[in-house]
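Notes follow once the structure below has been shown.
We count residues from 1, following the sequence as given. When a ligand or atom number is given, it counts from 1 through the structure's own listing order.
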Amino acid sequence: MRIELQHVSKRYEAEAPSVKDLSLSVQDGELMTILGPSGCGKSTTLLMIAGIFPPTQGDILFDGHRVNNVLPKDRRIGMVFQNSALYPNMNVLKNIEFPLKNMGVARRERMQRSEEAARMVQMSDYLRRKPGQLSGGQRQRVAIARAVVKRPGLLLLDEPLSSLDANLRGNMREEIRRLQKELGITTIMVTHDQEEALSMSDKIAVMNAGELQQIGTPLQLYNAPANWFVANFLGMPAMNELMCSWSADGCLQIADTGQTIPVNGGSGLSALHQGQQMRLAFRPHQVSLITATGQFRETDLRGRVASVEFTGRERLVHIRIGDTAIKVYADMAESLDEHQEIAIRLDADYYLFDRESGENLRLPAAGGQPKISETGDMPFVKQAAYSL
Ligand code: ADP
Ligand code: MG
């Protein structure tokens, strides 16, 4: 099923709008994640798609048909919440079967479909158990089976993994993704967990304070964030930032140290004005570390090692540049001591964000501005430059 939201807004009574002018589309069979911090309007959006809340403004279309006035039960949706309530006195099989009973499906087909759904979520060995005898992860599996047994055209998942422990979350991510692909079911999932969104989604829609920030593939959002909010929200460890301003001779002046460095390459820098306040930003793997003071260049950013964190395959070096703390990955072979002088060399991959609007002013490679909608292609996204 293809889903479209056209200029959808939601205002709860006298409150400020919880969702503002949201337009997006989800293609048939796609898994789209709505990602954003708590309170940004994710659940509100999902509940409008489900038909539980009517939008204050705008239209919702399923396969091109306006469904604003269609009742939830007639929308062909399956829903799973963070803590899905199962019927406590029914066993697993009866819980999964329940929606089919409501639909008036004959007993034999009910059994067949319920057992199949249980098998898909790997709960076949627990059919006679009551919900109270299941772990949190198993209960969520049953909830998912109950949602897909109806063969809905659209699966809506609201933070389905948030209540599970970290280990189980990883497994369930893979399982939901596998099931979603196997069934080819259009899915909209809500989460505040960027890692979950990056690892599971075909597309991600990032929201903040009720407003859409950007839509794209995980790689597009990670490599070419439209603004500082998206840049900062995605990725772990987070993107580094150094406050700076634009000086007339095409240089950046770093606020903390007063150092000026030239800006090379990139695109989209034409409209800058002298003194414009910006953030120089880069991810922990996007710069080179220079450890031998003899090799420092004028244009390198100088700092000191604050501490070195062992992460397994690499080390994460905590560096202070003036009063700003940043993190950069280093090879295991590099010799690094606390307090030693160190330099950071910017290669092609760094970003400049306007400090007021948050807008991304510079892209790593040539090619125009990041777009908010998913319709424009993004030629500047470096192919497979980073693994996610
Ligand atoms: P999220 O799911 O992203 O955490 P929500 O969609 O639940 O965010 O909430 C968005 C905003 O709308 C919040 O400010 C919240 O307080 C408000 N809100 C959510 N549900 C209601 C409601 N039923 N009545 C009034 N305000 C609500
Ligand atoms: Mg929510």
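Taking the six-membered ring where tryptophan is involved, the planes of Y222 and H285 are essentially parallel, since the angle between them stays under 30° and well short of 60°.
For ligand 1, the atoms closer than 4.0 angstrom to any heavy atom of S43 are 1 (P), 2 (O), 6 (O), 7 (O).
Of the inter-residue distances, the one linking T187 atom OG1 with M189 atom CE reads 9.5 Å to the nearest 0.5 angstrom. Atom CG of D125 and atom CG of L127 lie 8.0 Å apart (nearest 0.5 Å).
Atom CZ of F296 has more than 12 heavy atoms from other residues, nucleotides or ligands within 6.0 Å.
Backbone or side-chain N, O or S atoms of S43 reach the Mg ion (ligand 2) at under 2.8 Å.
Between Q259 and D300, the closest heavy-atom pair is NE2-O, 2.6 Å.
The nearest protein atom to atom 12 (O) of ligand 1, hydrogens excluded, is given as S18 OG, 2.7 Å; this is a heavy-atom distance. Y12 CE2, 3.6 Å is the protein heavy atom nearest to atom 23 (N) of ligand 1. Nearest non-hydrogen protein atom to atom 1 (P) of ligand 1 is G39 N, 3.4 Å.
Between the side chains of Q138 and R141, no donor N or O sits under 3.5 Å from an acceptor N or O.
Distance remark: protein heavy atom not present below 4.0 angstrom from atom 15 (C) of ligand 1.
Within the structure, ligand 1 lacks G36 among the residues with a heavy atom less than 4.0 angstrom away.
With T44, L35, V19 as candidates, the residue nearest to atom 5 (P) of ligand 1 on a non-hydrogen basis is T44.
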